[in-house]
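These notes concern the structure reproduced below.
All ligand and atom numbering here is 1-based and tracks the order in the structure.
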Amino acid sequence: MDHEVVDLSVNLGGLALKNPVMVASGTFGYGKEFAEFFDLGRLGAVMVKGVSLVPWEGNPLPRIVETPAGMLNAIGLQNAGVDHYLKEDLPFLRQFDTRIIVNVIGKTVEEYARVVERIEAQEGADAYEINISCPNIKEGGISFGSDPALAAEVVKAVRSRTRRPVIAKLSPNVTDVTEVAIACQLAGADALSLVNTFLAMAIDVDRERPVLANVFGGLSGPAIRPIAVRMVWEVYRAVDLPLIGMGGITSARDALEFILAGASAVAVGTANFTNPYASLEVLSGIQEAVRRRGPYREMIGRAHRWQKERSIDD
Ligand SMILES: Cc1cc2nc3c(=O)[nH]c(=O)nc-3n(C[C@H](O)[C@H](O)[C@H](O)COP(=O)(O)O)c2cc1C
C-alpha cells in the first residue's frame with residue numbers, strides 16, 4: 001500500500017505533526033475505545049474530550065438524536081475533571097506516538113486558566129484546544145465564543161500560563177466568524193480550529209415536545225460540512241494563523257475540501273461513531289491525493305487561487 005512514502009508533516013503554530021489527520025474532541029473519548037481498532041500512533045493528533053477543573057455531570061437524558069445527515073448532541077461536556085484526566089487518561093494516551101491536544105473547558109475565565117495550570121505541571125500534553133463554546137456563567141450563560149472580547153479574554157488567560165501551542169476552537173453560532181477569529185489571533189492564539197457544533201433542536205411530533213431534555217443541542221455530521229467549509233474559507237482570508245478544519249468529514253474528499261479552503265489540518269468527528277476507521281481512511285486518501293497532486297503543504301488554501309486566476313483572466 002505505502003509503496004511511496006509521502007511527506008504529510010505540517011507545523012501548526014509550533015505544534016509539529018507527522019500528518020494532518022486528527023480526531024475531534026468529544027468523538028473519540030480519551031482514545032481507549034478506539035485503541036482496540038487501530039494503533040493511535042497513526043494519527044497526527046488526538047484531540048481529547050473536554051476537560052474541566054472539577055467533574056461535570058452533563059445534561060439529563062435524552063441527550064442524543066439522530067438527524068438525516070448527522071446528529072444532535074446535548075451531552076453537556078460531561079467529564080471526570082482534570083485530576084482524573086491526568087491520573088487515568090493522559091498516561092494511557094502517552095503510550096502512543098501521536099500528539100495529544102487537550103480540549104479545555106470552563107465556566108469562567110479563571111476555570112480555563114486553572115485547568116491549564118494543572119496540566120502544565122505534568123509532561124505529556126502537546127497543545128491546548130480552548131473550547132470557547134461553553135456558556136460563561138458570570139455573563140449569564142452567553143458562550144465565550146460568541147463574543148470577540150470574551151473569547152480574547154480566555155485566550156489571553158491561557159496564553160499567559162503556557163508556552164505550549166494554544167488553539168482556539170471557534171463556535172459557528174455567530175453572524176461573522178472572522179470577528180472572533182481575529183480577536184483570538186490578537187490575543188495570542190497559535191492556531192484556530194473550526195467549527196464546533198451548530199445550535200439546533202428536534203421536536204418529538206407524537207409527544208409534542210422537544211426531544212432533548214436540554215431542549216437545544218449541537219448539530220454535527222455531514223449536514224454541517226458545507227457551512228463549516230465556508231467558515232474555514234472566510235477565516236483563512238481574515239487571519240494569518242494555521243487552521244484545523246472540521247465539520248462532517250467522513251472521507252478524504254471531504255477533508256480535501258477543508259484543506260483546499262485553507263485548513264492546514266483536519267479533524268474527523270461524528271464519523272468516528274459509525275466508522276471507527278474513518279480517520280485512517282481519510283489519512284490514506286490524503287496520501288493518495290498527495291501522490292497525484294503534489295506536496296501537501298502546497299494544497300493548503302489552493303482553492304483561493306481560483307479567484308486570483310479568474311481576476312487575472314477577467
Ligand atoms: C458527542 C459529541 C461530543 C462533543 N464534545 C466536544 C467537546 O468536549 N469539546 C469540543 O470542543 N467539541 C466537542 N464536540 C464537537 C466536535 O469536536 C466537532 O467540532 C463537531 O462535532 C463538528 O465535527 P463533526 O461534524 O465531524 O462531528 C463534540 C461533538 C459531538 C458530536
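- Checked against a 3.5 angstrom limit, the closest N/O atoms of Ile64 and ligand 1 fall outside it.
- Nearest heavy-atom pair across Pro91 and Lys87 is CG-O, 3.2 Å.
- Annotation: atom 15 (C) of ligand 1 to nearest protein heavy atom, Asn196 OD1, 3.4 Å.
- Residue Met71 has no N or O atom closer than 3.5 Å to an N or O atom of ligand 1.
- Ion pairing between a basic and an acidic side chain is recognised when a charged N comes within 4.0 Å of a carboxylate O; Lys49 and Asp89 show no such pairing.
- Counting only heavy atoms of the protein, atom 28 (C) of ligand 1 lies nearest to Ser25 O, 3.4 Å.
- A donor-acceptor pair shorter than 3.5 Å cannot be found between the side chains of Asn173 and Ser146.
- Taking atom 24 (P) of ligand 1 as the reference point, the nearest protein heavy-atom neighbour is Gly248 N, 3.4 Å.
- In terms of polar-atom proximity, Asn103 is counted as a contact of ligand 1, with an N or O under 3.5 Å from an N or O of the ligand.
- For a threshold of 3.5 Å applied to N or O pairs, the pair formed by Gly221 and ligand 1 contains at least one separation below that value.
- Of the protein's non-hydrogen atoms, the one nearest atom 30 (C) of ligand 1 is Asn73 ND2, 3.2 Å.
- Here is the list of ligand 1 atoms found below 4.0 Å of a heavy atom in Thr270: 24 (P), 25 (O), 26 (O), 27 (O), 31 (C).
- Classification of the Tyr85-Tyr30 ring pair by plane angle, with boundaries at 30° and 60°, yields tilted.
- Closest protein heavy atom to atom 22 (C) of ligand 1: Val195 O, 3.7 Å.
- Within the listing of ligand 1, atoms 22 (C), 25 (O) sit less than 4.0 angstrom from a heavy atom of Ile224.
- Between the Thr178 side chain and the Ala181 main chain, no donor and acceptor come within less than 3.5 Å of each other.
- Counting heavy atoms from C-beta outward, Ile227 and Pro172 have side chains that stay 4.5 Å or more apart.
- Sequence neighbours left out, the pairs with a member in residues 149-159 that pass side chain to side chain donor-acceptor pair (under 3.5 Å) are Arg159-Asp190.
- No donor-acceptor pair under 3.5 Å is formed between the side chain of Asp147 and the backbone N or O of Phe144.
- Residue Ala24 has at least one heavy-atom neighbour below 4.0 Å for each of these atoms of ligand 1: 17 (O).
- In terms of N/O distances under 3.5 Å, ligand 1 is not approached by Thr197.
- Inclusion of Lys169 in the set of residues having an N or O under 3.5 Å from an N or O of ligand 1 is warranted.
- In this structure, the side chain of Gln95 engages the main chain of Phe92 through a donor-acceptor pair within 3.5 Å.
- Of the protein's heavy atoms, Gly26 O, 3.4 Å lies nearest to atom 3 (C) of ligand 1.
- When only interatomic distances are considered, the shortest N/O to N/O separation between Glu129 and ligand 1 does not fall below 3.5 Å.
- Ser220 CB, 3.3 Å is the protein heavy atom nearest to atom 21 (O) of ligand 1.
- Checking Ser171 against Ser143 by side-chain atom types alone, no donor-acceptor pair falls below 3.5 Å.
- Every N/O-N/O distance between Leu77 and ligand 1 stays at or above 3.5 Å.
- Note on Glu257 versus Arg253: no salt bridge recorded, every NZ/NE/NH1/NH2 to OD/OE distance being 4.0 Å or above.
- Set against the non-hydrogen atoms of Asn131, the atoms of ligand 1 under 4.0 Å away are 9 (N), 10 (C), 11 (O).
- Look at Glu120 and Arg161 and you find no salt bridge, because none of the NZ, NE, NH1 or NH2 atoms lies under 4.0 Å from a carboxylate O.
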